[in-house]
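Naming: A, B, ... by sequence-line order, numbering from 1 per chain.
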Amino acid sequence: MALFLKRMIFYKTLSNWYSDNKRDLPWRRTVDPYKIWLSEIILQQTQVKQGLPYYMAFLDKFPTVSHLAEADESEVLKLWQGLGYYSRARNLHASAKYIAFELGGKFPDNYNSLLKLKGVGDYTASAIASICFNEVTAVVDGNVYRVLARYFNIDTPINSSKGAKEFKLLAQELIDKKDPANFNQAIMEFGATQCKPQNPDCTSCPFQSGCLAFNKGIVGELPVKIKAAKAKRKYFNFLVVISNNGQTVLEKREGKGIWENLYQFPLIESKTDLAYEDLNIQVEAHPVLKHKSFELSLYNKDCIIHKLSHQHLHTRFWIAKLDDVIDNGVSISKINDYAVPVLIGNFIETFNF
DNA sequence: AACTCGGGGGG
DNA sequence: CCCCCAGAGTT
């Protein structure tokens with residue numbers, strides 16, 4: 001009985017707040033599972049402001065799951081360029097093909113079926129199932145962790161398996177069974193715009209009297225998170241070849257690491273900062289320059305430091321102007337057709353080919 | 001359980 | 001420098 005009442009009050013307060021404060025976002029004007037799915041994948045670890053233009057561009061180019069399924073992966077990656085976490089794009093495309101060609105175009109319509117899609121985990125399956133199909137499955141994203149940790153004063157680390165279970169269970173107890181779609185979206189919106197990570201607006205918060213963290217003065221200490229390892233330094237030396245017939249060399253990144261299936265200039269990678277002389281020798285001896293006559297120059301004397309969550313890339317670009325043609329080159333005039341990492345894209349934009 | 005996977009923005 | 005973001009997959 002106490003739980004029932006608590007739940008009632010929580011949702012009443014939340015839904016009132018939401019109806020007064022919700023942003024008008026394009027994916028709130030539809031329950032088309034394809035569009036909701038697309039929005040959820042784009043918004044994984046990505047703020048609305050950053051993801052919004054990509055959502056519009058994807059729907060413009062791929063209005064339905066069939067359009068997406070029939071595209072080449074290279075097209076999908078090109079449209080995803082700049083958004084990061086490129087496995088999302090590869091998995092999105094793979095799942096579109098699965099839906100279009102193996103499920104006959106019928107979009108999975110429940111949590112368990114949705115979970116079978118590549119790139120769809122507990123959060124995304126819950127979001128689509130609740131928003132599109134009114135299934136009572138609570139979402140637990142970064143916003144929900146924060147709101148619940150503060151309101152209920154829970155200090156279990158949110159990025160531990162214990163925390164994941166605990167918060168999922170709590171959210172599932174709190175969710176409004178009559179309107180799971182509205183509950184899920186409301187609690188996330190509340191976390192995103194009011195119960196923010198920094199400087200939450202507690203003075204105007206409708207949950208203030210019931211919020212355990214506020215009443216103990218520990219809002220800033222919650223949620224608790226296990227610290228991530230510090231970023232590692234790596235040293236990237238790219239070889240920008242320019243042939244005498246307007247071509248350069250781009251290589252597709254293979255394998256499991258960062259930027260899988262994106263393109264880059266030939267790369268010499270090292271864990272330590274090699275001495276200039278050693279580097280120069282390596283660049284000159286690189287396979288793509290073998291048996292060629294060229295003039296080598298270092299584009300940036302000071303390293304460009306490209307910062308990612310888990311590694312800092314200290315980068316130099318070497319320009320090799322060839323008095324020759326090259327094998328397997330790509331026209332510099334078509335360089336913008338290739339999906340490249342931001343680090344490469346910035347160079348291409350700045351460098352005057 | 002720990003690690004990997006991007007890039008942008010805020011303090 | 002630190003933090004976070006409508007997380008998921010791999011080891």
Verdict with reasoning, Asn245(A) to Ser243(A), per side-chain hydrogen bond (donor to acceptor under 3.5 Å, both in side chains): CA-CA 5 Å; Asn245(A) 62 339; Ser243(A) 74; 2.4 Å; yes
Residue-phosphate contact under 4.0 Å: Lys196(A) side-chain N/O, dG10(B) OP1/OP2: no
Lys/Arg N to Asp/Glu carboxylate O, Asp273(A) vs Arg316(A), below 4.0 Å: yes
Atom pair CZ (Arg23(A)) and CZ (Arg28(A)), whose distance is rounded to the nearest 0.5 Å: 6.0 Å
Sugar-phosphate only, base, or nothing, as touched by Val139(A) at under 4.0 Å among non-hydrogen atoms: nothing
P gap between dC3(C) and dC3(B), integer Å: 15 Å
Ring geometry between Tyr299(A) and Phe351(A) (parallel below 30°, tilted from 30 to 60°, perpendicular above 60°): perpendicular
Residue that, paired with Trp80(A), satisfies ring-ring contact (aromatic ring centres under 6.0 Å, His included) out of Tyr85(A), Phe58(A), Phe62(A), Trp259(A): Phe58(A)
Between dG7(B) (P) and Trp80(A) (CH2): distance, integer Å: 13 Å
Distance, P atom - from dA6(C) to dG11(B), rounded to whole angstrom: 15 Å
Side chain proximity check, Leu174(A) to Leu148(A), heavy atoms < 4.5 angstrom: yes
Side chain of Asn91(A) - closest among dG7(C), dG9(C), dG8(B): dG9(C)
dG9(C) and dG8(B), which share atom name P, separated by this distance in whole Å: 24 Å
Proximity of Trp37(A) and Phe133(A) rings by center, below 6.0 Å: no
Separation between the C1' atoms of dG6(B) and dC5(C), rounded to whole Å: 12 Å
Distance test, side-chain N/O of Ser309(A) to OP1/OP2 of dG7(B), below 4.0 Å: no
Tyr235(A) and His314(A) aromatic ring geometry - parallel, tilted or perpendicular at 30°/60° bounds: tilted
N or O in side chain of Gln45(A) less than 4.0 angstrom from dG7(C) OP1/OP2: yes
Separation of atom CG in Leu38(A) from atom C1' in dA6(C), rounded to whole Å: 13 Å
Rounded distance (Å) that lies between atom P of dC5(C) and atom CD1 of Ile187(A): 14 Å
Earlier contact from the 5' end, DNA chain C, for Thr46(A) and Asp122(A): Thr46(A)
Any Lys227(A) side-chain N or O less than 4.0 Å from OP1/OP2 of dC3(C): yes
Sugar-phosphate only, base, or nothing, as touched by Thr124(A) at under 4.0 Å among non-hydrogen atoms: sugar-phosphate
N or O in side chain of Lys232(A) less than 4.0 angstrom from dC3(B) OP1/OP2: no
dG6(B) OP1/OP2 closer than 4.0 Å to side-chain N/O of Arg88(A): no
Touch class at under 4.0 angstrom, heavy-atom based, for Gly51(A) against every strand present: nothing
Option among His306(A), Lys234(A), Lys230(A), Lys232(A) that satisfies the side-chain hydrogen bond (donor to acceptor under 3.5 Å, both in side chains) test with Gln311(A): Lys234(A)
Residue Lys230(A), side-chain heavy atoms: nucleotide from dC5(C), dG7(B), dC2(C) that is nearest: dC2(C)
Spacing of Ile42(A) atom CD1 relative to dG8(B) atom P, expressed in whole Å: 16 Å
5′-ward residue of the pair Ser160(A)/Arg90(A) relative to DNA chain B: Ser160(A)
Any Tyr86(A) side-chain N or O less than 4.0 Å from OP1/OP2 of dG7(B): yes
Paired stretches of DNA chain B - 3 or more consecutive Watson-Crick or G-U pairs, each distance under 3.5 Å: B:1-5 with C:7-11, B:7-11 with C:1-5
Trp259(A) CH2 - dT4(B) P separation (whole Å): 16 Å
Out of dA8(C), dC5(B), dC5(C), whichever nucleotide has its closest atom nearest the side chain of Ile258(A): dC5(B)
Sugar-phosphate only, base, or nothing, as touched by Gly191(A) at under 4.0 Å among non-hydrogen atoms: nothing
Check: dA6(C) base within 3.5 Å donor-acceptor of Arg146(A) side chain: no
Euclidean distance, atom OH of residue Tyr145(A) to atom C1' of dA8(C) [Å, nearest integer]: 12 Å
Of Ile226(A) and Gln311(A), the one whose closest DNA chain B nucleotide lies more 5': Ile226(A)
Test of ring centre spacing under 6.0 Å for Phe10(A) and Phe207(A): yes
Phosphate contact (dC5(B) OP1 or OP2) by His310(A) side-chain N/O below 4.0 Å: yes
Between dG8(B) (P) and Lys49(A) (NZ): distance, integer Å: 12 Å
Whole-Å distance separating the OH atom of Tyr85(A) from the C1' atom of dC4(C): 11 Å
